[in-house]
> 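So that we are looking at the same thing, I have put the structure below in structure tokens.
We name chains A, B, ... by the order of the sequence lines, and we start the count at 1 in each one.
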Amino acid sequence: MYQDQRPAYDPESIEKKWQRIWAEKGTFHAAYPSDKPKFFGLVEFPYPSGAGLHVGHPRSYTAMDIISRKRRMDGYNVMYPIGYDAFGLPAENYAIKNHVHPAVVTQENIKHFREQLQKLGFSFDYTREVDTTDPRYYRWTQWIFLQLLKKGLAYKAEMPINWCVSCKCGLANEEVVGGVCERCGGEVVRRVKSQWMLRITDYAQKLLDGLDTVDFIEKVKVQQRNWIGRSEGAEVDFRIAGTEDTLRVFTTRPDTLFGATYMVVSPEHPFIEKYRALIQNFAEVEAYRETAARKSDFERTEMNKDKTGVELMGLKAIDPVNGAEIPIWASDYVLMSYGTGAIMAVPGHDTRDYDFAKAFDLPIVEVIAGGDISKEAYTDVQDGVLVNSGFLDGLRVADAKRRIIDWLEEKGLGTRKINYKLRDWVFSRQRYWGEPIPVVHCPHCGVVPVPEDQLPVLLPNVENYEPTDNGESPLAKMEDWVSTVCPVCGAPARRETDTMPQWAGSSWYFLRYCDPHNDQAFASPEALGYWMNVDWYNGGMEHTTLHLLYSRFWHLFLYDIGAVPCREPYQKRTSHGMILGENGEKMSKSRGNVVNPDDCIAEIGADATRLYEMFMGAFDQAIPWSTNGARGCRRFLDRVWRLMDTVREGKGFQKALTPLMHETIKKVGEDYEAMKFNTAIAQMMTLVNEFNAVGGCTPDELRTLILLLAPVAPHICEEMWETLGFGSGLAFEPWPAYDEQAMKRSEIDIAVQVMGKVRGHIRVSPDMTDEQAQRELPGRDDVLHFIGDRTLVKLIFVPGRLCNLILK
RNA sequence: GCCGAAGUGAUGGAAUGGCAGACGUGACGGACUCAAAAUCCGUUGGUAGCGAUACCGUGCGGGUUCAAGUCCCGCCUUCGGCACCA
């Protein structure tokens, strides 16, 4: 059985063989219906770029593959699906340059991606593949949009949006990073355009509340909470002197109302236009307003340290609590898009107001004691006590807040108010390669949804994909397609020519996996009822405030209209760290440090590649690639392969190895579950080293190791399983069990410390209790010699670990 | 500025308050070989010593504890996110 002439480990042939067998047998097709408990493991589906798979993809995909494979061994009916998020700018830009239809490029790229994924041996169910650009898929993306429209959550608005000068396209707030375009790094400017918007702000509170019900890693929750940015406070009306009119502000510090010494409105605030006639220095105000408008987002961020502004001469506001007349200023440190676009300024207790007051020599009044407002604003809200504040004097901040809001509400001067930083989602894109927004503009009926039975609205073939300078989609030039009739009144009408952003298709793809071929609904209620929600979703941190938030929003909405059975789409969310180049920098073509997974597979095989990606470091941390490290993982698999030549006779585990075997079963299982793949693999390496140290392993020992290693390195394990005659196919073999009792060793070494410092080791029984230790150890020769001629004051015994001698 | 994570050998990284450096890489020495590769065995935190051994050592400074990489207080640095959000 264990002949000498075994061929060397040859990953290429083994991997091809098992990939073929898995495909032919449909090993990883998720069964439906099924009586087994289900497990739905999800990874972010790739954008099929022309560059092919990146080594970052297998990091996430292998991790969830390990979990999925282990779940099968645990007896679950597992669905581990994959698809392609294939709409998007790169394919379109490629099309512009090379005059190929984006659909053609996309299909080629998908084919290439699929081949690369298959070469890595992921246990994906390829029969459930989705492609967001397939009309049978985007039909339902459009359908969901129509439901949002029906409920008033999609609307068209004329508003200033983020415009990327280089992509010639509008962007969502989430797509502007550091004042520049997330995708191309190009300049982003404000541009007023009529845009489709989604009212994600209506779901701000639900998105926040839902986080308490799911098992997401904490930093994802924190980032989403910060992005949503809930703050509690009050809206307060300030009377404009000499009029019946009021100016409303939002504040989180109504307790400081007595300290308001001026007001500020945003330069875009309609208030300025309204009181144009009363503003004595209107020309100056208007000049300031124009300067502010010309600044791009980037400049605004850059220049945010120095306060600028102009007083609206001739206007005064009246503080509602003390009747004080205070000046009104315009400044771009106040944003039109948050709160009411106007603030009461309390320079004594707000850093920005303080800077502004210093710059323009405005009065600063202390209303909270505890700081030194001659030096800086005192913003502490814990310990402060109110002063100079009439009926609030002597109260602590928290109490003063409650008191003043009650007072304002009673007098009709203000109300409690909660604000969010989250803004509505800019949903239009003026580009070709996206889902057409399924509405028609009729001169008589206005915006008319395309009837659901006429979906999908297909993307027409155009000749030129070039975005236009006037901000219109390339589709606008397709007169044949644009002109249509109104579905309601039959009059000539025009189609919407904007398309959806790339985030649309990925906002619901996990639902389609549940029932991917359904042509009556996006998925059947039964299939959704069985599979949803996603048990475990792994993906990148970079999607926390984009895809992950958007898809939660869509799903919460679908739940509200009864289209899905559960509130939250994802039960558990984990995140992998980025793989950096060998030089420790981010991998990029321009840095020349990109590692191609194909090259790595060609050199060391798919199993070793998977193993290395899991072993290289902690899963959630960024790690530089190391070619030598990868080779070390290949060496480990070579050693595992050669274990077949060292198998010796014998049932069960060798006596000397029994505790280690059970410890390894325990640790590997637990570490996989905690995504501590690096330490799980280290433990298996230790075990293999130990096999070699004792001169070989028994069939049962090798069998166990194969099962433990199989989720990480499935091909070599299947091959060894078959070669050793354990059976055909191990994908559904039960996961090995361990026995705590069997981990006990007959004797162990524990450390002897003197005053907390390790001085030596002694051999004791692992069961030694504290009582036994106190009785037996002080008299033992190998302990006595550490005591010497000093006196033992105290002996601290930690069972199984050490004893510490306190001497005098 | 605010929020979050992290600082450990040459290097990637391990360590429920209990023997710091598991496992891997690299380096050095040895075996096998005509030789090399591959493989196997050994050594590998620093300083002193032939040596047993001693002292030092987890970003810096304090503290708690029999015992601190781990807990507390005060800093420094790096990375990620947000950023005039009232």
> When the P atoms of B:A54 and B:G1 are compared, how many Å lie between them, rounded to an integer?
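The answer is 48 Å between these two P atoms.
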
> Considering every strand and a 4.0 Å limit on heavy-atom distances, what is the contact class for A:Ser337: base, sugar-phosphate, or nothing?
nothing

> Students often get this wrong, so: under 4.0 angstrom with heavy atoms, is A:Arg639 touching a base, only sugar-phosphate, or nothing?
sugar-phosphate

> I'd like to compare against my own output: the B/S/- annotation of nucleotides 9-18 of chain B with a strict under-4.0 Å heavy-atom distance to protein.
---BSSSB-B

> Paired with B:A52: which nucleotide, if any, by Watson-Crick or G-U wobble criteria at under 3.5 Å for both distances?
none

> What is the base-pairing partner of B:C84, counting Watson-Crick and G-U wobble geometry with both distances under 3.5 Å?
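Check on B:C84: unpaired, no WC or wobble geometry under 3.5 Å.
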
> For B:U25, does either OP1 or OP2 sit under 4.0 Å from a side-chain N or O belonging to A:Arg635?
yes

> State plainly whether the residues A:Glu235 and A:Arg248 are in salt-bridge range, i.e. N to O under 4.0 Å.
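Salt bridge flag = yes for A:Arg248 with A:Glu235.
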
> Can you check whether A:Asp350 reaches A:Thr256 side chain to side chain, under 4.5 Å on heavy atoms?
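Heavy-atom side-chain distance check fails, nothing below 4.5 Å.
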
> Please classify the nucleic acid contact of A:Gly632 as base, sugar-phosphate, or nothing, using heavy-atom distances under 4.0 Å.
sugar-phosphate

> Counting only Watson-Crick pairs (N1-N3 plus N6-O4 or O6-N4) and G-U wobbles (N1-O2, O6-N3), all under 3.5 Å, who is the partner of B:A68?
none

> Using atom C1' in both nucleotides, what's the gap between B:A68 and B:G49 to the nearest angstrom?
31 Å

> Who does B:A22 pair with, Watson-Crick or G-U, both distances under 3.5 Å?
none

> When all nucleic acid strands are considered with a 4.0 Å heavy-atom cut-off, which category describes A:Lys794: base, sugar-phosphate, or nothing?
nothing

> How about A:Leu657 and A:Val694: do any of their side-chain heavy atoms sit closer than 4.5 Å?
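Touching, per the 4.5 Å side-chain cut-off.
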
> Classify the nucleic acid contact of A:Arg230 as base, sugar-phosphate or nothing, counting any heavy atom under 4.0 Å across all strands shown.
nothing

> Between A:Arg248 and B:A86, does any side-chain N or O lie under 4.0 Å from OP1 or OP2?
no

> Does the structure show a Watson-Crick or G-U wobble partner for B:U43, both distances under 3.5 Å? Name it, or say none.
B:A27

> Taking only N and O in the side chain of A:Asn226, is any of them less than 4.0 Å away from OP1 or OP2 of B:C82?
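For B:C82, neither OP1 nor OP2 has a side-chain N or O of A:Asn226 closer than 4.0 Å.
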
> In Watson-Crick or G-U wobble terms, both distances under 3.5 Å, what is the partner of B:C60?
B:G74

> Around atom CG of A:Asp212, are there more than 12 heavy atoms of other residues, nucleotides or ligands at under 6.0 Å?
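Enclosed.
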
> How far, in whole Å, is B:U64 from B:C71 if one measures between their C1' atoms?
8 Å

> Evaluate whether atom CZ of A:Arg790 has more than 12 neighbouring non-hydrogen atoms of other residues, nucleotides or ligands under 6.0 angstrom away.
no

> Rounded to the nearest 0.5 Å, what's the gap from NZ on A:Lys586 to CG on A:Asn583? Could you check?
13.5 Å

> Got a list of protein N/O to nucleotides 76-80 of chain B N/O distances below 3.5 Å?
none

> Considering just the side-chain nitrogens and oxygens of A:Arg642, establish if one lies under 4.0 Å of OP1 or OP2 belonging to B:C40.
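For A:Arg642, the contact criterion (side-chain N or O under 4.0 Å from OP1 or OP2 of B:C40) is met.
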
> Using the P atom as the reference point in each nucleotide, state the distance between B:U43 and B:U53 in Å, no decimals.
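The same atom, P, in both gives a distance of 16 Å.
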
> Near A:Gln772 CD, under 6.0 Å, is it more than 12 heavy atoms from other residues, nucleotides or ligands?
yes

> Tell me whether A:Lys307 forms a cation-pi arrangement with A:Phe356, defined as NZ or CZ under 6.0 Å from the six-membered ring centre and within 45 degrees of its axis.
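Not satisfied by the 6.0 Å and 45° rule.
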
> CZ of A:Arg573 to CG of A:Asn538: how many Å apart, nearest 0.5 Å?
6.5 Å

> In whole Å, measure the gap between the P atoms of B:A6 and B:G57 for me.
24 Å

> Heavy atoms only, 4.0 Å cut-off, all strands: where does A:Asn689 land among base, sugar-phosphate and nothing?
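Counting heavy atoms under 4.0 Å across all strands, the contact made by A:Asn689 is with sugar-phosphate only.
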
> Do A:Lys307 side-chain and B:C84 base share a donor-acceptor contact under 3.5 Å?
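Indeed, a donor on one side and an acceptor on the other fall under 3.5 Å apart.
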
> Is there a side-chain contact between A:Ser331 and the phosphate of B:C84, meaning an N or O under 4.0 Å from OP1 or OP2?
no

> Would you classify B:G9 as syn or anti? Syn applies when the glycosidic angle is within 90° of 0.
syn

> Just call it for A:Thr686: base, sugar-phosphate, or nothing, with non-hydrogen atoms closer than 4.0 Å on any strand.
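Sugar-phosphate contact only - A:Thr686 comes under 4.0 Å of backbone atoms but never of a base.
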
> Given that both distances must come in under 3.5 Å, which nucleotide forms a Watson-Crick or G-U wobble pair with B:G4?
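WC or wobble partner is B:C79.
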
